[in-house]
Each structure stands twice: as C-alpha cells, then as structure tokens.
2 protein chains.
Amino acid sequence: MISEPTRSRRERPAKPALTREGIVAASVDLVRSEGLKRVTMRRLAEALDTAPASLYVYVRNTAELHAAVLDELLGEVDLTPVHTTGEWQDRLADVLRSYMRVLFTHPGLAASALVARPSGPNYLSLVEALLELLAEGDVPDGQASWGIDLLLLTATANAAEHAVPRSEEDWDALTVALRAATPDTYPRIAALGEDLLSGPPPARLSWGLRMLINGIANTPRP
Amino acid sequence: MISEPTRSRRERPAKPALTREGIVAASVDLVRSEGLKRVTMRRLAEALDTAPASLYVYVRNTAELHAAVLDELLGEVDLTPVHTTGEWQDRLADVLRSYMRVLFTHPGLAASALVARPSGPNYLSLVEALLELLAEGDVPDGQASWGIDLLLLTATANAAEHAVPRSEEDWDALTVALRAATPDTYPRIAALGEDLLSGPPPARLSWGLRMLINGIANTPRP
DNA sequence: ACCTGAACACCGTTCAAGT
DNA sequence: ACCTGAACACCGTTCAAGT
C-alpha cells in the first residue's frame, strides 16, 4: 500500500520555511508557555520541527536568541505615562515599574538582559520615553545621557533579584546573619537593626526610583 | 602479586574527608584556575576525587555553591578606605570600586551574586564598611538602610554588565541602532546623539557612584 | 545556501544500594 | 550518616554529508 503524502501534508500544514522572524516568534511563544529556561536550541528546534544545528544559520548562539526574545517582549512596556499629566518624576517611575513588570513575569529574562543588552526598536522606544520625561524635568542633557544607563541598569538588576523567588532558607540566612551581628564587630549593622530589612517592597522601590531620579537631576557632570 | 595499598596511600596522600569547608575551598581554587563556568558539581567532584552525588550532603545545589564561593572571595575587597582621611564620598566610592574589581576578575560571579545574594561574614563586613562611611557623612539612618541595598545592587549589576566582554558586533548593534535613530521617531535620542555613548568608562562610573551617594543622602524617606 | 544526522563534550539531580 | 554507581533527563555547538 502506497502512502499518501499529499493528504498527510494537508492534515498537518507544510513545515514553514525557517526565518529569523519565525525563530524569534517561536521563542516568544516558548518563553510564555514554558519559561526562559526552556528556550533552548534543542527545545526550540523540536517546536519548529527541525534540527538544532539548523538554527545556527539564523542565530549566532543562545545568548543572542535570548536577547532577541527580550527585544520582542519589551513591546509590552506601557509608555503612555509619557503623555499624561502629573509630576514627571512619578510618570518616569511608572514607566520603569512597567518595564520591571515585564522582566518580572518571565523569570531569568532580567538576568539575561544584564549580559546581552537589547538594541531593538522596543528598547529604543523605552530609552526615548525616559529621555523625554527627563527633558520635561529640565534635567541637563549630559546628566540624562549618563543617567539613563544607570536607571535601566538598576531597574533590571532589581527585577533580576526579585524574579527568582528567594527560598525561605536563603532569606532566613541573611536575616539571621544581620540579627546576629553584634555591636562590637558590626556596630552600624547592629545600630540599624531591623530597619535594614524593613519596609514594604513597593515603598522601598518607590523610594529607590525617586532617589535615582534625584541623583541624576542634581549631580553635575565633571 | 598483591597490590600495596599502604605504599600507594603514602605516595598520594589519603583522600581527605569531605567537609563543607573543603568543598568551598576546592571551589575557590577552581574558580581561580578555570573560572566560574567550570565550578560544576561534576567538575568539583572530580577535583575532590569523589562522586557528584556525594556533594549534595553538604551543598543544596549549584546556586548555593556559587554563593558560598562569592562569600569567600569577598574577603579580597579592600576596606581600608573606611579609616583613611579624605572626603567620605570618595572613600565610599573606593570601597565600591574594590568590590566591583573582585566581581570583575571572575566573570559570571556578578551575575550569580544578583540571584543568590551572599550573607557570609565578608559580605557583612562590606555592608558595615559602607554604613560607617554613610554615618560619617551624616546620612540619616533610614536612608542609609534602604540605600545600601541599592548601592550594592547597582555596583553588582554594573560589574555583571562589564564582566562579560561585549563582542564587537554586539556593541556595534547598539551603536548603530542609536546612530540610526531619526529625529522624527526618536527625537531625544537623536538630540543627545553621541553623548549617550560618550565618556571614558571610569569617568562614567565615578559620576554614577557620586550620583547614587547624592541621591541616598538627599532623598528623605516617606 | 540551507538542512540534517550524528557526534563530542559536557550538565544537575535523584535514588537504590552499599559501607 | 555518608558515599557510590548508575541512571534520567537534559544541554550547546560543530561538522561532514547530503539536497
């Protein structure tokens, strides 16, 4: 009995040709459904019904792939605060919080963002939005230029740190260590005590963002 | 012919008993000789002449192992600026630069420091040193408490970003993207132009640290 | 030019079984 | 209690060979 290639080709649609766009799109699907940890060359090849080696025609390595995924996901950042009313500092903080939320929902993405920083259109739009808000606040150009980098870096690092859920034991380790600090060996730690760990995380974050914005706005360049 | 276990035991010294300290010490040797990428359970077991599974009696997982290595390496941070003369801000920046140098010389360590933050004695000494300098500058306790976290976080993220040597192409990708930004779509990026990428890295870093210290010192807590 | 199979050189972690 | 061998379930990347 002869097989029916035509029919079976119609049942499962013909394998689409590989393109960089297709690979990135499949990667984004994968990060949404299974997390960044599963966006591997082998898993991705499986999803695209091809061999891992085939992907290397379009993507240099795994790091570049992850950077492309991030570029894509940055489209989810809410930039509307740029054109609303209210204090420019608050709106700047809102954009950064939205950026952090995107990183936050895909564990591992923030860490990869630190190593392979994106340069796609969505990243540029984010930079542009932040620069416009700094300009609205009359922050000098030189300080805005150098500050934007640190603003994004700190937001990314903050997200990286909180994205991986700290296990109870890990957290306890630091808490215990800080509480055990005796005044004779660690006088300042002992003096500040609980305050080092205190405060609701959102309040700490808001203070942190405001602190950065203040620093950028008020520190003249040499 | 019968083998000579006694003699061969003397030629190669008896396998030392496994301890957590021994495992961490071997890990530190390994990170120095082969880099953090090679500090794996399997490679480490090989170095200790044991089976990978044996290590799990003393170490929960690879992340915990890497955190222990960092704890240990933080002993190299130069804390002497705490007790020298000069502006407290400059001495604070010096300590942070020394911290970054440690992270810098062991690629990958900074990234791991973001995920599994250390809590060992060397980390506490670093925190204590920074707090003492902030106290010398009469920074209010509440701001010091919340600021210290962000100070270390930003320094770590900065090191993580620069530890992995940016390939020429990656760097070009961002440069090209920024230069290609047209005034109609990205007006602020176009207006700032080269300045976004300009300046010698040490000058940018010094400004960044000073900016953070200013922010912490001058942003009141709610 | 693109795609594949196969291989090389690795990983983390678990678990039954031994001492 | 500690250690081991073996297994399970994966990785990234390269390369000769095919189309």
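Below, chains carry the letters A, B, ... as their sequence lines are ordered, and counting in each starts from 1.
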Take the protein atom CG of B/Leu65 and the nucleotide atom P of C/dT13, then report the distance between them rounded to whole Å.
10 Å
Give a yes/no on whether any side-chain N or O of B/Thr50 is located under 4.0 angstrom from OP1 or OP2 of D/dC3.
no
Is a side-chain donor-acceptor pair under 3.5 Å present for A/Asp195 with B/Ser145?
yes
Quick check on contacts: within residues 27-40 of chain A, what sits under 4.0 Å from DNA chain D by heavy-atom distance?
A/Arg38, A/Thr40
Decide, yes or no, whether a salt bridge links B/Glu76 with B/Arg32 under the criterion of side-chain N to carboxylate O below 4.0 Å.
yes
Salt bridge B/Glu64-B/Arg20, side-chain N to carboxylate O under 4.0 Å
yes
Starting at atom CD of B/Glu64, determine the distance to atom C1' of C/dG12, rounded to an integer number of angstrom.
14 Å
In the 5'-to-3' direction, what one-character label does each nucleotide of nucleotides 14-19 of chain D receive under the scheme B = base within less than 4.0 Å of a protein heavy atom, S = sugar-phosphate only, - = no such atom?
BB----
Given 3.5 Å as the limit, does a donor-acceptor pair link the side chain of B/Thr154 with the main chain of B/Leu151, or not?
no
If you look at every heavy atom in B/Ala177 and A/Leu124, which pair is closest and at what distance?
O-CD1, 3.7 Å
Can you tell me the distance, in whole Å, between the CD atom of B/Glu46 and the P atom of D/dT4?
14 Å
Please check: side-chain N/O of B/Trp146 versus main-chain N/O of A/Ser198, any donor-acceptor pairing under 3.5 Å?
yes
Does the pair B/Glu132/B/Arg91 count as a salt bridge with the N-to-O cut at 4.0 Å?
no
When rounded to the nearest 0.5 Å, the distance separating CZ of A/Arg38 from CG of A/Leu44 is 11.5 Å
What's the closest nucleotide to the side chain of B/Asn61 if the choices are C/dT4, C/dT13, D/dT13?
C/dT13
Given the P atoms of D/dC8 and C/dC10, what is the spacing between them in whole Å?
22 Å
Atom OG1 in A/Thr182, atom CD1 in A/Ile189: separation rounded to 0.5 Å?
9.5 Å
How long is the line joining OH of B/Tyr58 and C1' of D/dC3, in whole Å?
9 Å
May I have the distance from A/Leu55 (atom CG) to D/dG12 (atom P), rounded to whole angstrom?
10 Å
Dot-bracket for DNA chain C, please. Rules: Watson-Crick or G-U, both distances under 3.5 Å, ( ) within the strand, [ ] when a pair crosses earlier ones, | for another strand, . otherwise.
||.|||||...|||||.||
Any A/Thr62 side-chain nitrogen or oxygen under 4.0 Å from OP1 or OP2 of D/dG12
yes
If I take atom CE in residue A/Met41 and atom P in nucleotide C/dA9, what distance separates them, rounded to the nearest angstrom?
21 Å
At their closest point, which heavy atom of A/Val39 faces which heavy atom of A/Thr62, and how far apart are they?
O-CG2, 4.3 Å
With rounding to the nearest 0.5 angstrom, report the CD to CD distance, B/Glu72 to B/Glu21.
9.5 Å
Gap separating the CZ atom of A/Arg204 from the CE atom of A/Met211, nearest 0.5 angstrom:
10.5 Å
Rounding to a whole Å, what distance do you find between B/Leu48:CG and D/dC3:P?
11 Å
Using atom CZ of B/Arg43 as one end and atom C1' of C/dC11 as the other, report the distance to the nearest whole Å.
14 Å
